[in-house]
Amino acid sequence: MLKALSGGTFGRDFTASIVVFLVAMPLCMGIAIASGVPPEKGLITGIIGGIVVGVLAGSPLQVSGPAAGLAVIVFEIVREQGLSALGPILILAGAIQVVAGLMRVGGWFRAISPAVVHGMLAGIGVLIVVGQFHVLFDDVPLSSGLANLLAMPGQLLGLSTGDTVTAFTVGLVTIFGMLGWEKFRPAALKLVPGALVGVVLATLVAFILSLPVARVVVPESIVAAVTLPEAGLFATMMDPAVITIAIAIAFIASAETLLSAAAVDRMHDGVRTNYNRELSAQGVGNLLCGFAGALPMTGVIVRSSANVQAGAKTRMSAILHGVWILGFVALLPWLLREIPMAALAGILVVTGVRLVSVDHVKHLLHRYGPLPAIVWAATLICVVATDLLTGVLVGIGLSLLELVPHLKRLRLKMEDESRGETHEVALRGSATFLSLPKLSAKLDSLPTGGLVILNVERLGHIDHTTAEMLREWVERRRGGGSPVELFGATGRMRQLVA
């Protein structure tokens, strides 16, 4: 942090922090509402994610806070067990993440198939859209994704009462305001987020016209929103059901965080992510969120990409954005209470649609054939039809099919040789997700600046998870000005690796 203050980058970090704050505020509240909890719970998570995790993070430019990826599972917890159950679950999940980071297992989360991760996010996106669709009408979501989906036509056909039409109109104002701003905003205002414009526009319309719509409810004091765990915390944490849910949250939050961190690394040429430190930092954040009765957190790609695009150089930007959230909630809670619920639902509907990345499944199908695309689709369908953990486990199980033809030769051997500033890494055998952490660590340890020759002449097989990691590593290294040459790649292997 001292380096951030003394290195001449504070001005860039200061302005970037304001942009991230403007992006984070509506999302923190919207994700809380999508999770079935009061909006201030999301704001507390945003504060902890900015100030605490920002200081400890292993990915300096990543921004942490409540994420849409966990909204569905939190909604189920609150609906079935009550809000008080969330604290013990998050404390246990955070502890699991801290231990995992200390045991240096962060790299293994990068071995999860991109098809599984994007299928999970797509399924979450569908669930958010069908759930928040009902909030657009000042209604409440039903108990499952399928129930919400089946009830959507009836919601539209029921547009008869004036209040329902009014709420839906406010939601549409938010959506069109957000999308319109993103499409037509002036270049001088390109850093102003569309979500903020949509919420401000809808709030002004509702306020000026005194519209009878449901509005956000927040307490007078942020301290009043902190809910300490109830008595019998340890006994609750020993409940097998609590342990199972905590493991699921720790796994999903860690995977989303570390994949987001890898994406952030591709956006800049600064300090690379220390995955184990990032994992432990997230664990500390979730521990604190559990003790405060707030939402779980992850590293969030929307806020992180806004941070990088706004010119942030150090972790100071993420820390300051948490300070701005704290200051706004402490000093201006009355302003938050003017925001229509339908406006936040509108933002989440757009966010959910964007999580369903059809371009990614097209990329998988084009480069790696039908199996990864099938894994993506199966994960998505199972997340929507059953639950998040089942969908992820089904996706991981299907991704194992890629190993079956190569079970007798799964070993990957790596040989490296240095000649001056030239480094050659020769791969022999099968490069699968089982060897990905070791291969990734080896490639990341190579010095920058010199030529790297990647010899894949004796590489018999490479799965799509490892191929995606190699492709991203090559792009990142070349983007940083360090040359990479491929030797021995022919036919399909050249397409996969190059």
Side-chain angles (χ1 to χ4, degrees), residues 24 27-49 64-94 96-97 120-121 123-132 134-135 140-145 147-148 225-227 229-230 236-237 239 241-257 282-283 285-300 302 341 344-345 347-348 351-352 355 383-384 386-392:
L27 288 175
C28 284
M29 292 187 292
I31 290 167
I33 292 168
S35 303
V37 305
E40 63 268 20
K41 300 294 185 182
L43 294 169
I44 293 172
T45 300
I47 293 166
I48 294 173
S64 300
L70 289 171
V72 176
I73 195 168
V74 172
F75 183 85
E76 291 294 322
I77 293 169
V78 174
R79 182 174 61 85
E80 295 176 4
Q81 303 181 42
L83 185 57
S84 61
L86 194 55
I89 290 171
L90 288 192
I91 292 171
L92 189 55
I96 292 170
Q97 287 182 297
M120 176 191 77
L121 292 175
I124 289 166
V126 171
L127 291 174
I128 288 173
V129 170
V130 299
Q132 291 305 298
H134 298 285
V135 183
V140 294
L142 302 176
S143 59
S144 71
N148 282 318
V226 175
T227 307
E230 297 177 351
T236 304
M237 289 170 59
D239 184 338
V242 170
I243 294 173
T244 302
I245 297 171
I247 292 172
I249 286 181
F251 176 82
I252 293 167
S254 300
E256 188 171 346
T257 292
Q282 293 290 327
N286 277 318
L287 270 168
L288 293 176
C289 287
F291 280 112
L295 286 177
M297 74 170 60
T298 72
V300 189
V302 175
M341 294 281 285
L344 296 179
I347 290 175
L348 286 168
T351 302
L355 285 174
V383 166
V384 174
T386 57
D387 58 73
L388 204 58
L389 184 58
T390 300
V392 170

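- Sorted by first then second residue, the side chain to side chain donor-acceptor pair (under 3.5 Å) pairs that include residues 67-90, not counting sequence neighbours, are Glu76-Arg79.
- Contact record, Gly42 with Ala32: N-CB, 3.7 Å, taken as the closest heavy-atom pair.
- Here Phe251 pairs with Phe109 under the ring-ring contact (aromatic ring centres under 6.0 Å, His included) rule; sequence neighbours left out.
- By the side-chain contact (heavy atoms from CB on, under 4.5 Å) test, Ile73 pairs with Leu70, Ala248, Ile249, Leu388, sequence neighbours left out.
- In this structure, the separation between CG on Leu27 and OG1 on Thr351 is 5.5 Å, given to the nearest 0.5 Å.
- Residues Phe75 and Ala34 come closest through the heavy atom pair CD1-O, 3.7 Å.
- Within the 4.5 Å cutoff, no side-chain heavy atoms of Ile44 are placed close to those of Cys289.
- Heavy atoms only, all atoms of each residue included: Gly46 and Cys28 are closest at CA-SG, 4.0 Å.
- Here the CD1-CD1 distance, from Ile347 to Ile128, works out to 12.5 Å after rounding to the nearest 0.5 Å.
- Taking each heavy atom of Gln97 and Ser254 in turn, the nearest pair found is NE2-OG, 3.0 Å.
- The distance from the CD1 atom of Ile31 to the CE atom of Met297 is 12.0 Å, given to the nearest 0.5 Å.
- The structure places CD1 of Ile252 at 6.0 Å from CE of Met120, a figure rounded to the nearest 0.5 Å.
- With sequence neighbours left out, the side chain to side chain donor-acceptor pair (under 3.5 Å) criterion links Thr390 to Asp387.
- Among residues two or more places apart in sequence or in another chain, the side-chain contact (heavy atoms from CB on, under 4.5 Å) test is passed with Leu127 by Val72, Val383, Val384.
- For the atom pair CD1 (Ile247) and CG (Leu92), the distance works out to 7.5 Å, reported to the nearest 0.5 Å.
- Minimum interatomic distance between Gly285 and Ile48 (heavy atoms only, all atoms of both residues): O-CG2, 3.9 Å.
- Here the shortest heavy-atom pairing between Val140 and His134 reads O-CB, 4.1 Å.
- Between the CD1 atom in Ile91 and the CG atom in Leu288 there is a gap of 9.5 Å [rounded to 0.5 Å].
- In the model, Ser64 has a side-chain atom that pairs as donor or acceptor with a side-chain atom of Gln282 under 3.5 Å.
- Judged as a side chain to side chain donor-acceptor pair (under 3.5 Å), the pairs with a partner in residues 37-47 (not counting sequence neighbours) are, in order, Lys41-Thr227.
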